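All remarks here apply to the structure that follows.
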Amino acid sequence: AMSDWSSSDWSSLYPFASHFMDVGEGVRCHYVDENSDATERSPLLMVHGNPTWSFYWRNVIEGFRDRHRCVAIDHVGCGLSDKPQQYEYNLGRHTANLVQLIDRLDLRDVTLLVHDWGGAIGLGAVVQRPDRFAHLVVFNTGAFPPPFVPLRIRVCRTPWLGALAVRGANAFARAALTMAVAAKRLDPDVRAGLLHPYDNWANRVAINAFVRDIPFTPRHPTWRVLAELENDLKQLTTPASLVWGMRDWCFNPSCLRRFQEILPHAQSHRIESAGHYVVEDAIEQIMPIVGDVLASDEVDEPSAAAEDRGR
């Protein structure tokens, strides 16, 4: 089944050098680090969700890497990172790996871009290193115990059927190619790039693990992690922007409203035509929003600028 896209030229869409970091136990985490010597401007740190990888951020990286350092992680099990079959695939571990990368690269004055599971992972890192972040740009995600879990995700958790569909047929990543976009069809090279790391059962270990890490009930260990994260986020005063594809069936507008309560000072940008893969659907609307954020972060008096934005 690979032949339908392995010949397509997705790699030209991702012209970035590969970097690797050892996160322990000999496991290597892959990341993009473009324009790493651009120290005088706020670096961008991009954190993907499931079932994507740093490829999801390629247009943002391309658009800003001439002026800003652009860093994008691949979570262990995702993208070009190692995919150990036995690993602590959970929110706490992914967050720890991201914090390790932030510390290792000594990122400061960071503009954070997060999406999907990257929201809980990236915002978890902000809570642990609040002084390193200048602005949070939050795309369709959740950083709280899920108020509901859509049936089409619950189905992926059916004990044997779920693993068979997610890992055997790549149902989760393949379905996302159509279900997660609302405004436009993804072209074949983009589809190929998004699917590239997840080309067999073993390589889909993390996709399945992310689905299993969604807490349906407070008995699930990740429920408490998310509940604590939500409480911690309410203490944050870091300037924030919420950018929401309003046609997302998973992180739907109720999740946007929840974030508006958690981060009352945040600016909201609703993109009516976009679905869950909002950065794929609406890159033309998103680039100026991120550009404005970066411009405002460079104001000499950040506190005053933050107050203006909060009004």
Side-chain angles (χ1 to χ4, degrees), residues 32 34-36 38-49 54 56-72 102 107-116 118-119 122-123 125-126 130-141 143 182-184 233 236-248 251 253 255-311:
V32 171
E34 295 287 296
N35 196 7
S36 57
T39 47
E40 73 285 357
R41 292 179 185 275
S42 177
L44 281 76
L45 174 62
M46 291 158 257
V47 189
H48 72 83
S54 55
Y56 178 78
W57 299 110
R58 68 196 178 282
N59 292 317
V60 179
I61 300 170
E62 286 263 31
F64 291 107
R65 65 175 176 165
D66 58 333
R67 291 169 61 239
H68 293 265
R69 183 177 192 174
C70 289
V71 178
I102 292 164
L107 300 179
R108 297 171 187 276
D109 195 32
V110 173
T111 294
L112 177 73
L113 282 68
V114 296
H115 175 249
D116 187 84
L123 294 170
V126 174
D131 53 330
R132 289 182 175 268
F133 291 87
H135 203 111
L136 315 176
V137 185
V138 179
F139 298 94
N140 298 49
T141 184
K184 58 187 177 197
L233 288 176
L236 279 186
T237 55
T238 315
S241 304
L242 305 171
V243 185
W244 228 261
M246 299 300 280
R247 291 172 62 184
D248 187 344
F251 297 103
C255 295
L256 171 61
R257 290 193 293 275
R258 181 96 167 245
F259 262 111
Q260 289 168 329
E261 290 165 17
I262 295 169
L263 302 171
H265 60 284
Q267 278 203 329
S268 296
H269 303 268
R270 294 172 186 79
I271 302 181
E272 298 297 338
S273 63
H276 177 58
Y277 280 3
V278 56
V279 179
E280 295 288 358
D281 254 353
I283 189 69
E284 298 81 7
Q285 289 106 300
I286 283 166
M287 292 301 277
I289 293 171
V290 177
D292 287 349
V293 163
L294 291 166
S296 66
D297 287 346
E298 284 164 20
V299 175
D300 291 333
E301 299 163 297
S303 56
E307 274 171 29
D308 286 345
R309 276 199 294 271
R311 283 203 187 103

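Values below: all heavy atoms of this structure, side chains included; hydrogens, waters and symmetry mates excluded. Everything numeric in this text was worked out from a predicted model, so none of it was measured.
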Atom pair CH2/CZ of Trp57 and Phe64 - distance to nearest 0.5 Å
12.0 Å
Using side-chain contact (heavy atoms from CB on, under 4.5 Å) as the criterion, list what pairs up with Ala143, not counting sequence neighbours.
Leu123, Leu229, Leu233, Phe259
Listed by chain and number, what are the salt bridge (charged side-chain N to carboxylate O under 4.0 Å, His left out) partners of Glu261, not counting sequence neighbours?
none
Are Ile271 and Val243 close enough, and set up right, to give a side chain to side chain contact (heavy atoms under 4.5 Å, CB included), and what steps lead you there?
CA-CA 7 Å; Ile271 302 181; Val243 185; 3.8 Å; yes
If we only count heavy atoms from C-beta on, is the Leu242 to Leu136 side-chain gap below 4.5 Å?
no
Val110: what forms a side-chain contact (heavy atoms from CB on, under 4.5 Å) with it, not counting sequence neighbours?
Pro43, Leu45, Leu107, Phe133
So which of Val114, Thr141, Asp116 actually passes side-chain contact (heavy atoms from CB on, under 4.5 Å) with Val47?
Val114
Going by ring-ring contact (aromatic ring centres under 6.0 Å, His included), name the residues that satisfy it together with Tyr56, two or more places apart in sequence or in a different chain.
His115, Tyr277
Over all heavy atoms of both residues, which pair between Gln285 and Ser273 is shortest? Give the atoms and the distance, please.
NE2-OG, 4.2 Å
Who passes side-chain hydrogen bond (donor to acceptor under 3.5 Å, both in side chains) against Glu34, sequence neighbours left out?
Arg65
Taking every heavy atom of Ile61 against every heavy atom of Ala72, the minimum-distance pair comes out as CD1-CB, 4.1 Å
Taking every non-hydrogen atom, the tightest pair across Cys255 and Trp244:
CB-CZ2, 3.8 Å
With sequence neighbours excluded, residues passing salt bridge (charged side-chain N to carboxylate O under 4.0 Å, His left out) with Arg108:
Asp106
Evaluate Met287 against Glu62 for side chain to side chain contact (heavy atoms under 4.5 Å, CB included), listing each step before the verdict.
CA-CA 11 Å; Met287 292 301 277; Glu62 286 263 31; over 6 Å; no
Could you check Val60 against Ile283 for side chain to side chain contact (heavy atoms under 4.5 Å, CB included), going step by step and ending with a plain yes or no?
CA-CA 8 Å; Val60 179; Ile283 189 69; 4.0 Å; yes
Could you pull out all residues at least two apart from Arg69 that satisfy salt bridge (charged side-chain N to carboxylate O under 4.0 Å, His left out)?
Asp33
May I ask you to check whether His135 and Ser241 show a side-chain donor-acceptor distance below 3.5 Å?
yes
The criterion is side-chain contact (heavy atoms from CB on, under 4.5 Å); which residues satisfy it with Glu272, sequence neighbours excluded?
Met246, Arg270
Check for a donor-acceptor pair, side chain of His265 on one end and backbone N or O of Thr238 on the other, with a separation under 3.5 Å.
yes
Look up atom OG1 in Thr111 and atom CE in Met46, then write down how far apart they are to the nearest 0.5 Å.
9.5 Å
Partner set under side-chain hydrogen bond (donor to acceptor under 3.5 Å, both in side chains) for Ser268, not counting sequence neighbours
Gln260
Is there a side-chain contact between Val290 and Leu44 in this structure, where contact means two heavy atoms from C-beta onward sitting under 4.5 Å apart?
yes
Side-chain donor/acceptor of Asp281 to backbone N/O of Gly275, under 3.5 Å:
yes
Audit row: Val279, Asn59, side chain to side chain contact (heavy atoms under 4.5 Å, CB included) steps and yes/no
CA-CA 9 Å; Val279 179; Asn59 292 317; 5.8 Å; no
Report the distance from atom OG of Ser42 to atom CG of Leu294, rounding to the nearest 0.5 Å.
6.0 Å
Asp248: side-chain contact (heavy atoms from CB on, under 4.5 Å) partners, not counting sequence neighbours
Asn140, Cys250, Phe251, His276
Which pair of non-hydrogen atoms, one from Ala274 and one from Ala182, has the smallest distance, and what is that distance?
C-CB, 4.0 Å
CZ-CD1 distance between Arg132 and Ile102, expressed to the nearest 0.5 angstrom
7.5 Å
I'd like to check the side-chain hydrogen bond (donor to acceptor under 3.5 Å, both in side chains) partners of Arg41; sequence neighbours left out, ordered by chain and number.
Glu298
Check side-chain hydrogen bond (donor to acceptor under 3.5 Å, both in side chains) between Arg258 and all other residues, then give those that pass, not counting sequence neighbours.
Glu230
